[in-house]
2 protein chains.
Amino acid sequence: MAQTKPYPGTQAVLRAVSLLKVFTDQRPEWGLTELTQEVGLNKTTTFRLLTALESEGMITRNNQSDAYQLGPAIVMLGGRALRSNDLRSISRPELKALVASVGETASLELLTGHEMLILDEISGGHVMSGGQTIGTRWPAYATSTGKVMLASLDWDEVESILPQPLAAITPKTITSMDMLHRALDQVRVQGFAVVDEELEMGLRAVAAPLYDFDGDVAGVISLAGPTLRLTDQRLPAITELVLSAARRISVQLGAQPD
Amino acid sequence: MAQTKPYPGTQAVLRAVSLLKVFTDQRPEWGLTELTQEVGLNKTTTFRLLTALESEGMITRNNQSDAYQLGPAIVMLGGRALRSNDLRSISRPELKALVASVGETASLELLTGHEMLILDEISGGHVMSGGQTIGTRWPAYATSTGKVMLASLDWDEVESILPQPLAAITPKTITSMDMLHRALDQVRVQGFAVVDEELEMGLRAVAAPLYDFDGDVAGVISLAGPTLRLTDQRLPAITELVLSAARRISVQLGAQPD
DNA sequence: GCCGAGGTTTCATAATATGAAACGTAATTT
DNA sequence: AAATTACGTTTCATATTATGAAACCTCGGC
């Protein structure tokens, strides 16, 4: 499904990784036979790969149902990946400051494939234990952060990345490539992106790009909240806050302040 | 380091995973040659494995130094793994093992507001149908689990959370904020907390923290029983059991084994 | 303009991963 | 209770696939 580069001598590894990726939030547990069908491998091969992954803790078996699921080693590596990400540690204080002054939810995201990956999220509510959504992904074309990232690419690259047709997630979702093209142009001019109920009814978000030392977009931050609270009146001020937070982060990433 | 079972036909996968595990908090970035030496593989092999992992997003290259580091796919999988394994089902087998070896009551708890919420409880007696107390709450300042959770917070946060004055539940309850402050300091140093008749006369308990991938305290487990049976003699050994159970759970939550 | 230290590619070789089929074993049906 | 099915596991001969030595780039330092 996601063949990027066929490199020789790596079949087993690619297959093993594709097995891992089958475990989603919707379907976190699998039987061997199901997995075999899903990835289209021989049952023996699937079994062998799983056994290897299991011996390393990348896969565990729910000891009641003996179904396969992702294991502790994955969680451990995920934590390391997050902590070693300096983008995250640099951005975090700024995200916290944003949340403190606006009172909504701020996040740091990256484009992976055609989806936005949540690297960090500071919740505005009084819910402890953030991090529940870290690692989640959303379609790029229907998010504020996604629009920012897509706007940093050439249009033909955007076309090749996005799975078409664009599915309508809400009645307001942008579903025509033409409209998306124009929307991205606007993002480029403005320097930020807004999403208004395109991903979820009643949800608004503003996103601004983070630039690294050579002017590339290294990530995006956003502030999201209910339309009821992110009113038209407040939006300009909030946008300015998000933009200035993004600029401060960018400076720390080595970007030249315009 | 962690060779469990040498299963035939999985060399490449095992090698790939061992590569991933080399990326630690202490050393999150590696060059090809360094990696080669570290894992003891041929340079070509290492390169090929890394390329495969990179094509799947499991590894990225820091575009300034082109050093290898853990990639976004790992973050994504880590999030999924975390969300599919809840605290309770991970902890339960360890709680059961504790009860089996000590013979008292073990529990899993969380801080909610200023009280400890019992998420799970395995009864040591012959009382059938555990779970009677699940959902119950106890004041944090008078429980072993509560002390552990409070010790993970800043002192001013503790002050703002706790309703003052601290009510004396038994003659031994800590009722002065000063004494509590010192008690929490001790907990931080020790890495565990003990309650001795502060919640109920004749009741002792030992609690140890569970750490998640981020190093945050994700919950607490405890072992509680009558002072008559949890004697001074037995306490050190029991404490060690609780601590090691907590460590094993933490590993499954993605914590780094110290 | 040369040197050296990475990273990358080539290619012949055999070791390794592969899949068909057979085997256990537990759950479900008759 | 016997028979059937579904699922996980093991075996084994085969050639596909991973392997590593060596040659080859490419860049930064001298």
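Convention: sequence-line order gives letters A, B, ...; per-chain numbering from 1.
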Given DNA chain D, 5'-ward residue of the pair A/W30 and A/V13, judged by closest heavy atom: A/W30
Separation of atom CD in B/E34 from atom C1' in C/dG7, rounded to whole Å: 12 Å
Gap between atoms CG and C1', on A/L50 and D/dT10 respectively (whole Å): 16 Å
Inter- and intrachain pairs under salt bridge (charged side-chain N to carboxylate O under 4.0 Å, His left out), touching residues 148-167 of chain A, at least two apart: none
Distance test, side-chain N/O of B/Q11 to OP1/OP2 of D/dT17, below 4.0 Å: no
Atom pairs under 3.5 Å, N or O on each side, protein against nucleotides 20-23 of chain D: can you list them with distances?
unit_1 : atom_1 : unit_2 : atom_2 : d
D/dG20 : OP2    : B/T45  : OG1    : 2.5
D/dA21 : OP2    : B/N42  : ND2    : 3.2
D/dA21 : N6     : B/T44  : OG1    : 2.8

Spacing of B/Q37 atom CD relative to C/dG7 atom P, expressed in whole Å: 10 Å
Atom-to-atom span, CD of B/E54 to C1' of C/dG7 - whole angstrom: 12 Å
Side-chain ion pair, A/D185 and A/R188, N-O less than 4.0 Å: yes
Atom pair distance, as rounded to whole Å: CG in A/L49 and C1' in D/dT10: 16 Å
Residue pairs fulfilling salt bridge (charged side-chain N to carboxylate O under 4.0 Å, His left out) with at least one residue in residues 27-43 of chain B, sequence neighbours excluded: B/R27-B/E34
B/T33 side-chain N/O to C/dA5 phosphate OP1/OP2 under 4.0 Å: no
Rounded distance (Å) that lies between atom P of C/dA5 and atom CZ of B/F47: 20 Å
Listed partners of B/R88 passing salt bridge (charged side-chain N to carboxylate O under 4.0 Å, His left out), at least two apart: B/D120
Which residues share a side chain to side chain contact (heavy atoms under 4.5 Å, CB included) with B/A205, sequence neighbours left out: B/S144, B/A224
Partner residues of A/H181 under the ring pair (Phe, Tyr, Trp, His ring centres under 6.0 Å) criterion, sequence neighbours left out: A/W155
